[in-house]
Amino acid sequence: MVEPEHDAALEDTDRLHGRSALVDNVKAAVALAGAVRSTLGPRGLDKMLVEEGGSATVTNDGVTVLQTAKVEHPAARLLISTSSSQDRAARDGTTTTVILTAEMLQNALELVRSGVHPSIIMNGYQIALAEALAEMEHMARAPQSEAERRAVVETSLAGKIDSSLTAHLTGLALEAADALAGEEGDADLERLRVKRLMVRDGTARESEIVHGMVLAKSRMDMATPANSDGGRIAIVDGDLENAKLELEASIEVTSTGALRSFHERARERLQEQVELLKSLDVDLLVVRDGVAEEAITMLTNAGITAYRRFEREDLERLARITGSTMVRDARRIKKEDVGTYSSRSEQTFSGVKHTRIDGSEGGAMTVLIRGTSPAVREEAQRAFDDALGVAHRLSGDSQLLPGGGASQIHLARHLRAFAPSQSGREQLAIEAYAAALEIVPRTLAENSGLDPIDVILTLSAAQVADSENGPWIGLDVMSGEKARMDEAGVIDPLFVVRHALSGATEAANSILRIDDVLWAKQDAQTPDWQSEMDQD
Ligand code: ADP
Ligand code: MG
């Protein structure tokens, strides 16, 4: 028998085709979801992640678990990247995204088994997503009080750290987010403008926001004053070094005089730069790279206190709060580049001298993350990052949805009512999609030891019975009872729920689209030179 041509071309690959490719991919996705579903919600359990070296992290965060796991299966990797993209875009909802995707796939597989073509399912899933998104916008509302805004951020931290620290970090995150409100920039503005500084002294609950820049630096010349009540600041995004004598360049040094005059010229150049700064009334100079030794005395004589060697991000923040413009070349600094600072002081943190510079323009700050051990500080920092991520995005899109599975129960009911309006077999896919949404309340129930079926039935009935606030009734896992989620303070941002549902649908559909999986085989023909050499 003659082999078909395309198969001959694929003889070095393992191949899974059609249904078995789908089964294999769905199995991988379900296995991955199984690894994180027990972390969902504040009653979720923690996972201990042990690295090869033996160091361990305990976490309740789905995306951390997934990013650390060594996963080879391509479908599982796709799910991990979906959850990472949820983390980048919304900073929350990562576990939800994974379990939703796996559930959508599992329900799709059942339909395929009963004879529905994957392309019909993909189409139905798209229609269901669009309808769910529209209904979500309809359900969502703005926060009605400051307490509600707090509740949203606290919900995103629930179960991650103990509750009194949750309250404290939530307060800090909202304060920082408010200070950034109205600033131009992308979602990652919160990373760029908020400096995190871990400090050994004090407990995590004493972590605080400083509306200024705290920098692990001390002034170059101890003869200059340690503190100041404000003045004019210049920031150089370069150096204040001597021009280098390039030895490859052929300056023929014929006499000691020529060398001396070269040095003199370099010195004069530095002096000119210092004079320029002085003429602009600058009394504080911050330089990203080095400052030549001989410039230090010139600066001190000119009444300028200088600091050197900074991360660019710190300089950007400093420029923001002082209203200065960073200049690359100190010879080109202009009057309008100079900013003003309102105070400068020396403070000791973790036993090391730091400098604090305050400005009056706002738009950047430092968060001192305190804690008695490195593990505590790191945990507090991770929680603060999550809280700020949510709080900051909330300033841009403040719409809220009920948590505790309420949104998903309502959307599932809505989609079941909507399905008959659609043609033919797509209806089945929309129903499968609706059922998949219920994985969220089901898992929340399971993780708190409740019967998932009872919970779904109770919540659905309660939502139907309350014509006004029905969609806001969900499961409060802390009491184990149904409750109005706004009253229980279990509130999710619309952008988290929306992104999770879109991301999960997209991931599920891209896996459904796969009809063929080709695994490259190790080529047995290639001689293994290394082991032959080892035998010699
Ligand atoms: P994710 O990584 O998806 O954010 P989480 O473990 O943070 O996973 O769990 C988030 C889910 O937990 C959301 O659906 C949220 O509404 C729900 N949740 C948070 N607090 C409560 C609570 N007290 N009762 C019920 N559900 C809650
Ligand atoms: Mg969360």
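Order of listing sets the numbers, starting from 1, for every ligand and every atom in it. Worth knowing before you read on, the calculation uses all heavy atoms, side chains too, and leaves out hydrogens, waters and symmetry mates.
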Problem - Lys/Arg N to Asp/Glu carboxylate O, Lys217 vs Asp314, below 4.0 Å - result: no
Exercise for the section: Answer with yes or no whether Gly159 contacts ligand 1, where contact means a heavy atom under 4.0 Å from a ligand atom. Expected result: no
Handout entry: Within-cut-off N or O pair, Val477 and ligand 1, under 3.5 Å
Key = yes
Handout entry: Residues, nucleotides or ligands: over 12 heavy atoms within 6.0 Å of Arg416 CZ
Key = yes
Exercise for the section: Check whether any heavy atom of Gly44 sits under 4.0 Å from an atom of ligand 1. Expected result: no
Handout entry: ligand 1 atoms in contact with Gly403 (distance to a heavy atom under 4.0 Å)
Key = 16 (O)
Practice task
From the options Ala445, Gly41, Pro402, select the one whose nearest heavy atom is closest to atom 9 (O) of ligand 1.
Solution key: Gly41
Exercise for the section: Inspect the contact between Asp486 and Arg141 and indicate whether a charged nitrogen and a carboxylate oxygen are less than 4.0 angstrom apart. Expected result: yes
Problem - Contact partition for Leu475 relative to ligand 1, non-hydrogen atoms under 4.0 Å - result: backbone
Exercise for the section: Kindly confirm or rule out an N or O of Gly404 lying under 3.5 angstrom from an N or O of ligand 1. Expected result: yes
Problem - Lys/Arg-Asp/Glu bridge criterion (N-O < 4.0 Å) met for Arg320, Glu316 - result: no
Problem - Heavy-atom neighbours of Lys160 NZ exceed 12 at 6.0 Å - result: yes
Problem - Option with minimal heavy-atom separation from atom 19 (C) of ligand 1, where the choices are Gly489, Pro42, Ser38, Ala500 - result: Pro42
Handout entry: Side chain, backbone, both or neither: the part of Asp492 lying under 4.0 Å from ligand 1 by heavy atom
Key = side chain
Practice task
Answer yes or no: is there an ion pair linking Arg149 with Asp178, defined by an N-O contact shorter than 4.0 Å?
Solution key: yes
Exercise for the section: Could you tell me whether the side chains of His392 and Glu183 share a donor-acceptor contact shorter than 3.5 Å? Expected result: no
Exercise for the section: Using distance alone, determine whether Asp92 and ligand 1 share an N or O pair under 3.5 Å. Expected result: yes
Cut-off 3.5 Å, no hydrogens considered: what does the side-chain donor-acceptor table look like for residues 123-131, sequence neighbours left out?
unit_1: Asn123; atom_1: ND2; unit_2: Glu426; atom_2: OE2; d: 2.7
unit_1: Tyr125; atom_1: OH; unit_2: Met104; atom_2: O; d: 2.7
unit_1: Glu131; atom_1: OE2; unit_2: His414; atom_2: NE2; d: 2.7

Problem - Pairing of Glu311 and Lys195 as salt bridge, 4.0 angstrom limit - result: no
Practice task
For the pair Arg150 and Glu146, find out whether any cationic side-chain nitrogen is under 4.0 Å from an anionic carboxylate oxygen.
Solution key: no
Fill in the blank from the handout: Under 2.8 Å from the Mg ion (ligand 2), the protein N, O or S atoms found are Asp92 OD1
Exercise for the section: Report the part of Thr94 in contact with ligand 1, treating N, CA, C, O as backbone and CB onward as side chain, heavy atoms under 4.0 Å; options are side chain, backbone, both, neither. Expected result: both
Practice task
Determine, for Arg196 against Glu190, whether the closest basic-nitrogen to carboxylate-oxygen distance falls under 4.0 angstrom.
Solution key: yes
Practice task
Report the part of Thr39 (side chain from C-beta onward, or backbone N, CA, C, O) that has a heavy atom under 4.0 Å from ligand 1; answer both or neither where that applies.
Solution key: backbone
Problem - Atom indices of ligand 1 within 4.0 angstrom of Thr155 heavy atoms, with elements - result: 19 (C), 20 (N)
Exercise for the section: Find all atoms of ligand 1 within a distance of less than 4.0 Å from any non-hydrogen atom belonging to Thr96, and give their numbers and elements. Expected result: 1 (P), 3 (O)
Handout entry: Other residues, nucleotides, ligands: >12 heavy atoms within 6.0 Å of Glu506 CD
Key = no
Handout entry: Those atoms of ligand 1 less than 4.0 Å from some heavy atom in Leu40
Key = 3 (O), 6 (O), 8 (O), 9 (O)
Handout entry: Charged N-O contact under 4.0 Å between Glu208 and Arg370
Key = yes
Problem - Subset of ligand 1 atoms that lie under 4.0 Å from at least one heavy atom of Thr95 - result: 1 (P), 2 (O), 3 (O), 8 (O)
Practice task
Could you tell me whether the side chain of Ile514 reaches within less than 4.5 Å of the side chain of Leu22, counting heavy atoms only?
Solution key: no
Exercise for the section: Please confirm whether Gly93 comes within less than 3.5 Å of ligand 1 when only nitrogen or oxygen atoms on both sides are compared. Expected result: yes
